[in-house]
Protein chains: 2
Amino acid sequence: MPYTYAYPRPALTVDCILFGYDEGDLKLLLVERGSEPFKGRWALPGGFVQRNETLGDAALRELAEETGVGKVYLEQLYTFGDLDRDPRGHTVSVAYFALVRPDGFTLQASTDAAAAKWFLLRKTPPLAFDHKKIVETAVERLKGKVRYQPIGFELLPKKFTLSQLQQLYEAVLETEIDKRNFRKKILSMSILKPLGEYEAGAANRPAQLYQFDRKKYDAATKSGFLFEL
Amino acid sequence: MPYTYAYPRPALTVDCILFGYDEGDLKLLLVERGSEPFKGRWALPGGFVQRNETLGDAALRELAEETGVGKVYLEQLYTFGDLDRDPRGHTVSVAYFALVRPDGFTLQASTDAAAAKWFLLRKTPPLAFDHKKIVETAVERLKGKVRYQPIGFELLPKKFTLSQLQQLYEAVLETEIDKRNFRKKILSMSILKPLGEYEAGAANRPAQLYQFDRKKYDAATKSGFLFEL
DNA sequence: ATAACTTAGTGTAAATAATACACGAACTAA
DNA sequence: TTAGTTCGTGTATTATTTACACTAAGTTAT
């Protein structure tokens, strides 16, 4: 176990929880550790914050280095500082999270990571450090967030059906939602524009396509109005 | 300006936002800085995290050292990592906050702090570092928190009137609340026990006294039930 | 004594939001 | 033509939120 030399203050790292939504499934981006400690184990992408580097920048850099994923809007989750969370010694980690479309990125592992891979959230392997706890915290936060803030802008194709949007909410909240009530509510927010077009090639009645109306969304949120779901 | 010697990683500090509620007023605990930078300015109590010290422990230690305030339940707020927030160099700060009764503590400044004092929240002097931003973040968080979680257990005398409780909520939320609706709602939570006693010495109709029923509160929150106000 | 003042305490009606629930329409595949 | 699948729609019930005004019980001043 290297890195045990005396060091006057805690080390500072960032970790990224990247949730991926892909056709009904919630996924989690993990990397296989290429070095000790926990070599060979899966872990959240992350690493040490460099001097004169913003926390958000560090998170994006580590994410890009270890997984190839770039240009993501990360939100700060929580800072973990248990004394025994890293066997190398006292290490404080600031966690960031985001919800994205996996198919928008090509995974490429490097720098310390032997591999990068999406896992089904409910089928994640054992994780290194205290990353299990971090992921659980992130899941709770994601659910809470979704309840009062519409999501989906970046997670669905530009044109989508209401069923697709509902499926997304059901996946994140891990619950079933009544179809009619969901439509009533989401349409009453008037952030969706019905296109009059219909999906093609379905083996059943084709659904109407919708688009997000970013302007209306921004206007509503800026004026202090809060959505709820 | 000492402390400019090369240091491979960001320094790590904690800062405490202590809100005090005192008969209708929301206050903020500040310390006068005894050394550079910002010597003579008011700032949040806080300081460097020591090696093998939990973040929460560090926050409590700094709070006790600089203000004499001890045994407070601190909740993590956010971690601030802007590059220019400390003129000594890159310093990341984990902020903690709490809401307490000022009269429960005797202030005593020491260790780096020339003085410790409660200020009316809306009359705080200019602050050192990025502490203004930190306080604003804490105020928003406090308001959000109060909306779905009853407060007051530690902030009022053991026996209190409903008007006192309402005044507390109005102070925190910075808004007026309808008396009848407030009473209806707070009583429907059934976490208050009416005592049948009445306040003494008032120059008007005496109000009935109530007590918090901690057991019912814990039972309700543990069962996943959420209060709203 | 009584009038003036202050805060306590109470109920209802209206509006809004949340929930539960079932069937015909449109399309494809066999 | 039938079977199978998903789409799309409305209403009644219940719960929650909001708005709103007067009498009761004490003290103080005249």
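Chain identifiers are assigned alphabetically (A, B, ...) following the order of the sequence lines, protein sequences preceding nucleic acid strands; residue numbering begins at 1 within each chain.
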Ion pair present between A/Glu75 and A/Lys145, side-chain N to carboxylate O less than 4.0 angstrom? yes

Can you tell me how far P of D/dA15 sits from CE of B/Met189, to the nearest Å? 18 Å

Starting at atom CG of A/Leu162, determine the distance to atom C1' of D/dG8, rounded to an integer number of angstrom. 9 Å

Tell me: CD of B/Glu170 to P of C/dT7, nearest whole Å? 13 Å

How are the rings of B/Phe97 and B/Phe19 set relative to one another: parallel (under 30°), tilted (30 to 60°) or perpendicular (over 60°)? perpendicular

Whether B/Arg101 and B/Asp22 form a salt bridge (side-chain N of Lys/Arg under 4.0 Å from carboxylate O of Asp/Glu) is what I want to check. no

Gap between atoms CG and P, on B/Leu209 and D/dG26 respectively (whole Å): 14 Å

What is the distance, rounded to the nearest whole Å, between atom CZ of B/Arg183 and atom P of C/dG11? 12 Å

Euclidean distance, atom CG of residue B/Asn181 to atom P of C/dT10 [Å, nearest integer]: 14 Å

Between B/Thr79 and A/Thr79, does any side-chain donor sit less than 3.5 Å from a side-chain acceptor? yes

Kindly say if B/Ser163 contacts the phosphate of C/dA8, meaning a side-chain N or O under 4.0 Å from OP1 or OP2. yes

When we call it a touch if two heavy atoms are under 4.0 Å apart, what does B/Thr161 touch: a base, just sugar-phosphate, or nothing? nothing

Tell me if the aromatic rings of B/Phe129 and B/Phe80 count as close, with their centers under 6.0 Å from one another. no

Heavy-atom closest pair (A/Tyr169 atom, A/Pro150 atom, distance to 0.1 Å) is OH-CA, 3.2 Å

Taking the side chain of B/Asp178 as its heavy atoms from C-beta onward, which of D/dC7, C/dT19, D/dC20 lies nearest to it? D/dC20

Using a cut-off of under 3.5 Å, enumerate the N/O to N/O pairs linking the protein to nucleotides 26-30 of chain C.
residue : atom : partner  : partner atom : Å
C/dA26  : N3   : A/Arg205 : N            : 3.3

So does B/Asp57 get a backbone contact from the side chain of B/Thr54, meaning a donor-acceptor N/O pair under 3.5 Å? no

Could you tell me the separation between the NZ atom of A/Lys184 and the P atom of D/dA12, rounded to a whole number of Å? 12 Å

Under 3.5 Å, is there any donor-acceptor pair linking the side chain of A/Arg180 to the base of C/dA22? yes

Please state how far atom OH in A/Tyr198 lies from atom P in D/dC7, giving the value in whole angstrom units. 13 Å

With a 3.5 Å cut-off and just heavy-atom distances, do the side chain of B/Lys185 and the base of D/dT18 make a donor-acceptor pair? no

